[in-house]
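One structure is given here, and the rest of the page talks about it.
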Amino acid sequence: DHKGRYWCATFGGGLDEYFPETGKFKAYKVHEGKNSISTNTVHGVFEASDGTLYIGSLGGGLIQFYPDSEIFQVYHHVPGNAGTPSNDDLEYFCETPSGLIYFTTQGGGLNVFDPRKKQFRAFTTADGFSSNIMSGIIEDNRGTLWLSTMGGISSFVPPENPFTPDCKISIRNYNTNDGLPCNEFQFGGTWKSGKGILYFGTACGKVVYFNPDELKENKFVPPVFITGFSINNRPVIPSDTNKFLQRNTEFTKEITLGYR
């Protein structure tokens, strides 16, 4: 962190603090006291600009940790309560210039948290994402968030106030139809180079990389032409005895079929 402390997330051993000058560790594990971490299976440690640590977990919800006072604050998903995290399995974080914390979940989409107001909001497939299982998050040089998911890669432009119900949501999904080698991506496999190039590790053993500034949106909507007509998977031609077509399909304005 900014004070030179090292923090290690473990699968089963809780949160560890490492002291390089002595080579020793201090473990923060689940205990019966009031100030306890929520689970020993944690990952995705992230330091916010104010020094607060945000820790991902499997089943333990969103974990806030204040290193100087060694105080934990835990936020759990409450079914039916949109003011809580949308899922208790969450991993990776990103902070906006305004201090909002975005984080990915395994099944609850993308969440945003306001540390000052203790507010949450989720953005899911209902808002336009291709998948609610997200495996990574990274911010490009323009402030757009890029999410690796189990349904491809998605871009998300953070609204000025994401907690406003009618805020403008800008999401663009990319999948194999756009040239990706596969749609599933490895958890935590994201990185941005000094030149702004984004890298994503896939589940099919390949690496996807690109410069977001060089992506161009193809807004051309191609015209639709019907060039063939089949009944029971058999192509129909004008010479057929059924007389459905008087001329070739591309020159036919309408076709009348019985509903039985």
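Heavy-atom contacts from other residues, nucleotides or ligands closer than 6.0 Å to CD of E32 number 12 or fewer. Counting non-hydrogen atoms of neighbouring residues, nucleotides and ligands closer than 6.0 angstrom, the OH atom of Y209 reaches no more than 12 such neighbours. Surrounding NZ of K206 are at most 12 heavy atoms belonging to other residues, nucleotides or ligands under 6.0 Å away. A 6.0 Å sphere centred on CD of E250 holds more than 12 heavy atoms belonging to other residues, nucleotides or ligands.
Looking only at distances, no side-chain donor or acceptor of T202 sits under 3.5 Å from a matching main-chain atom of C182. With hydrogens and angles ignored, the 3.5 Å screen pairs a side-chain donor or acceptor of D140 with a backbone N or O of T144. A donor-acceptor distance shorter than 3.5 angstrom exists from the side chain of N173 to the backbone of G128, with no hydrogens or angles considered. Distance alone, capped at 3.5 Å, places no donor-acceptor pair between the T164 side chain and the D166 backbone. Side chain of S86 to backbone of G108: a donor-acceptor contact under 3.5 angstrom is found. Judged by distance alone, with hydrogens and angles left aside, the side-chain atoms of S155 form no donor-acceptor pair with the main-chain N or O of W146 at under 3.5 Å. A donor-acceptor pair under 3.5 Å is formed between the side chain of E47 and the backbone N or O of H2.
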Stepwise, does the ring-ring contact (aromatic ring centres under 6.0 Å, His included) test hold for Y199 with F210?
CA-CA 7 Å; Y199 292 80; F210 57 89; 9.1 Å; no
Given Y102 and F93, is the ring-ring contact (aromatic ring centres under 6.0 Å, His included) satisfied, shown in steps?
CA-CA 6 Å; Y102 282 87; F93 304 86; over 10 Å; no
Check the pair I153 / L147 against side chain to side chain contact (heavy atoms under 4.5 Å, CB included), numbers first and verdict last.
CA-CA 6 Å; I153 294 175; L147 296 307; over 6 Å; no
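In this view, N141 and K192 satisfy the side chain to side chain donor-acceptor pair (under 3.5 Å) rule, not counting sequence neighbours. Checked against side chain to side chain donor-acceptor pair (under 3.5 Å), R5 has the following partners two or more places apart in sequence or in another chain: D1, D68. When the side chain to side chain donor-acceptor pair (under 3.5 Å) test is applied to T149, no partner is found at least two apart in sequence or on another chain.
Note on V208: it clusters hydrophobically with L198, by side-chain heavy-atom contacts below 4.5 Å among ILVMFWY residues. Linking Ile, Leu, Val, Met, Phe, Trp and Tyr residues whenever their side-chain heavy atoms come within less than 4.5 Å leaves Y54 and L100 in two separate clusters. Hydrophobic cluster membership is shared by F46 and F113, with clusters built from Ile, Leu, Val, Met, Phe, Trp and Tyr side chains linked at under 4.5 angstrom. I138 and V207 are not part of a single hydrophobic cluster, where members link through side-chain heavy atoms under 4.5 Å apart. In this structure, L58 is not a member of the same hydrophobic cluster as I55, with clusters built from ILVMFWY side-chain heavy atoms closer than 4.5 Å.
Side-chain atoms of E17 and Y28 include a donor-acceptor pair closer than 3.5 Å. For the residue pair S49 / E95, a side-chain donor-acceptor distance below 3.5 Å is found, with atom types taken as modelled. One side chain, S148 or S135, offers a donor N or O that lies under 3.5 Å from an acceptor on the other. With no hydrogens or angles considered, no side-chain donor-acceptor pair links N233 and S230 at under 3.5 Å.
Ring orientation note: the planes of Y6 and Y18 are nearly perpendicular, at an angle over 60° on the 30°/60° scale.
Ion pairing between a basic and an acidic side chain is recognised when a charged N comes within 4.0 Å of a carboxylate O; E217 and R172 show such pairing. With respect to D213 and R142, a salt bridge is recorded, a charged nitrogen being found less than 4.0 Å from a carboxylate O.
In summary, the aromatic rings of F19 and F25 are positioned with their centroids too far apart to meet the 6.0 Å limit.
Here the closest non-hydrogen pair linking V74 and S36 is CG2-O, 4.4 Å.
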